[in-house]
Amino acid sequence: MRPSAGLSPASVDPDDLAGVPVAMVDCWQRVRTRLVSEVGEAAFKSWLAPLALQDVTEGAVRLSLPTRFMRDWVATHYVDRVRRLLTEEMPGLRSVDLVVAPKLKPLAPGLLPPAALAVPLLTARDLHAPAMMRAPPRAEMNEVDPLSPDQVSVPLDPRLTFETFVVGKPNELAFAAARRVAESATVSFNPLFLYGGVGLGKTHLMNAIAWHIRQRDPSRRVIYLSAEKFMYQFIRALRFKDTVAFKDQFRSVDVLMIDDVQFISGKDSTQEEFFHTFNALVDQNRQVIVSADKSPSDLEGLEERLRSRLGWGLVADIHPTTYELRLGILASKAEQLGTPVPEKVMEFLAHKIASNVRELEGALNRLVAHAQLVGRSITLETAQEVLHDLLRAHDRRVTVEEIQKRVAEHYNIRIADMSSARRARQVARPRQMAMYLSKALTSKSLPEIGRKFGGRDHTTVMHAVRKIDELIATDASLAEDLELLRRMLEC
Amino acid sequence: MTASSLQLPLALGFRPALGEEDFLITPCNALAVAWIDRWPDWSASALVLNGPAGAGKSHLASVWAQRSGATRARPGVSVDLDALVPQGARLLIDLHAESHPEPAAEAPWFHLLNLLRERKGQALIVAREPAARWPVRLPDLASRLAALPQVEISPPDDALLSALLVKHLADLGASLDPAVLRYLLPRIERSFAAIAGLATELNQAALSAQKPITLALARKVLQEPDDAGKRE
């Protein structure tokens, strides 16, 4: 990630200047410009660019730096120069003070507009949820779900309703079954068993069912929890010799929903307890809904009697998503997030992140948050960059040799020319490009890079890097070549 | 740093300055800083901060911990997760040099992520590798990790390299002349770990010689046989 500031190094961040007289702002701007020419751009960027004009009172100027360490460094090495320039620009000046204004704020001005930081991510989505299920305001988030009659039950996620579930061929059966159980006042299938791979929407359907039942008939007691939580609670009850209360709690509900039942496989006493709870509820004609990552018959480590009972009711599976469904999910999600996402980016994500919906949605969340943070819109390039850890299993470490080979191929010159003494432009420029890329993509020191280019001096490498840096700004086709090469080398 | 047979100056153990105002912000970590600044608005119950050794991950994480009042946590087999994750918990999970959780800890990690979600808690997870690439066996955990927002501190740019070298030396109680810095900068390996190593070497050499870090001394340190190239 190397965001470009897009501003000249000396320009002042307007946010730093609240409450400073305009005349002083101009004066400070001139000082900065002169500092750049006196100390050079590199030193300016490292140490003086973060200097901010704090306030001016009766000829006393206070300048701030974001860290104590930078303050000390500037105080030791640059403060005399700054003072001299300020005095020249501002004859009445009496003193210059350096203070630390500790705030985590990026060096590059304009990179992250503060307004963008304040945009809450979930607002738009929350508005789309039906009124009853709207997310509680942030302040209330820490309280126990007010709708939940029991502490045992996991608080429901207000975003996971039938309305927000995107239906397609792979999940329509499970969706219909879930709706049917949620809507019917009597128990028709017991249990409802939903299964499918990781991150395909089982938990979403479970939440949606629970919301729907509670909404239709608030008097029905619904307990929804994951199998692992059932286990932890059971262990706790055993430890505190409280199993009677534990049993009562679970056996007195109207609807019991257990997510990810595969987590109690191999846990014999938990299974035993669950089996008895299950039977007690089914015998009383109470609804039981179970989800798992496999069908009842494929669940390993589960006792035969439990496995067969789980398959008695309605078994519905969720298939892996199709490209079309993923695209639909992304579009719906983007709309909820209230951020425009180019179609090309959605197609790219739907194509690349095929494994599961959770990761797909996570990827989209990351893109939207990133776009807000840097204050720029989402593009295919940023998507590839931001999600590189998801899209590629490894970041390859590029070697100088690979760079030389690629660049030579690209410009159709011999690899030997990377180390030769030839100075003809058609050889020298690609060689400089390769040096530039070696500095950008490897951590080799400049002398080492120089050695790999026919034993050249590190100053030659520095010159090449400067030269290419200059050319990027003026020569669009070279900049494009460079970007292409960089992408080829990084993938 | 391995011990050498030369006269070894005492390791004075200057503690690195780790406050909010001691953190150096440059484009390669600006995004990570912005994510920390954005807290609690992470749109998820955890954020993964990753980056190479010595990139300042733990520093940034401790700034966050101070702001959020987070407690340090490490999910593991013998950890009482129920007590670890109260309502609205704020946890800092720093894997340090470990590249990913051990297999036995995967189920506790899974449970922890579920508990965080359920109890409206948030965690900052700090690791070298992005969580999507951890070799996790439990598919449910792998998918939850891959769906978390991640932010990376990328390898250092020149501005950060020079600032870091000076800061490392300042933490060791040594100072560096700008002329020496200008000499060193183009000649060193551009990685966080190499910079920290170099600072220690320069400081040791200066202490052994009982001299400040001069150009001559810097030149000598760089010419050591196991210099910049091998530090990784």
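Letters A, B, ... are given to chains in the order of the sequence lines, protein chains preceding strands, and every chain is numbered from 1. Because the structure is predicted, anything quoted here is derived from the model rather than measured.
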Practice task
Please assess A/Lys444 against B/Glu189 for the test side chain to side chain contact (heavy atoms under 4.5 Å, CB included), listing each intermediate value before the final yes or no.
Solution key: CA-CA 5 Å; A/Lys444 294 271 179 276; B/Glu189 186 191 319; over 6 Å; no
Exercise for the section: Side-chain contact test, heavy atoms from C-beta onward, threshold under 4.5 Å: evaluate it for A/Tyr232 versus B/Asp82 and give yes or no. Expected result: no
Problem - Side chain proximity check, B/Arg117 to A/Asp157, heavy atoms < 4.5 angstrom - result: yes
Problem - Candidate pair B/Arg187 and A/Ser445, rule side chain to side chain donor-acceptor pair (under 3.5 Å), full reasoning - result: CA-CA 5 Å; B/Arg187 291 174 175 81; A/Ser445 70; over 6 Å; no
Exercise for the section: Quick one: closest heavy-atom pair of B/Ala132 and A/Asp389, and the distance? Expected result: CB-OD2, 3.6 Å
Problem - Contacting moiety of B/Leu181, where chain A heavy atoms sit under 4.5 Å - result: side chain
Problem - Close side-chain approach of A/His370 and B/Leu31, heavy atoms under 4.5 Å - result: yes
Problem - Contact check, side chains of B/Arg190 and A/Leu446, non-hydrogen atoms, under 4.5 Å - result: yes
Practice task
Locate the shortest heavy-atom distance separating A/Asp260 from B/Asp140; write the atom from each residue and the value.
Solution key: OD1-OD2, 4.0 Å
Problem - Which portion of A/Leu364 sits near chain B, non-hydrogen atoms under 4.5 angstrom - result: neither
Practice task
Answer whether the closest heavy-atom distance between the side chains of A/Lys229 and B/Asn114 falls below 4.5 Å.
Solution key: no
Problem - Gap separating the CG atom of B/Leu145 from the CD atom of A/Glu359, nearest 0.5 angstrom - result: 9.5 Å
Exercise for the section: Give the minimum heavy-atom separation between A/Ser443 and B/Ser191, together with the two atoms involved. Expected result: CB-CB, 4.3 Å
Fill in the blank from the handout: Between the CG atom in B/Leu115 and the CD atom in A/Glu228, the distance rounded to the nearest 0.5 Å is 7.0 Å
Handout entry: Contact class of B/Ala142 relative to chain A, heavy atoms under 4.5 angstrom
Key = backbone
Problem - Pairs of heavy atoms under 4.5 Å with chain A: top-ranked of B/Ala147, B/Pro149, B/Ala44, B/Pro186 - result: B/Pro186
Problem - Where B/Arg133 and A/His388 come nearest, the two heavy atoms and their spacing - result: NH2-O, 3.3 Å
Handout entry: Region of B/Leu138 in contact with chain A, defined by heavy-atom distances below 4.5 Å
Key = side chain
Handout entry: Validation row: A/Arg366, B/Gln150 side chains within 4.5 angstrom (heavy atoms)
Key = yes
Problem - Smallest separation among heavy atoms of B/Ala146 and A/Leu390, with atom names - result: O-CD2, 3.7 Å
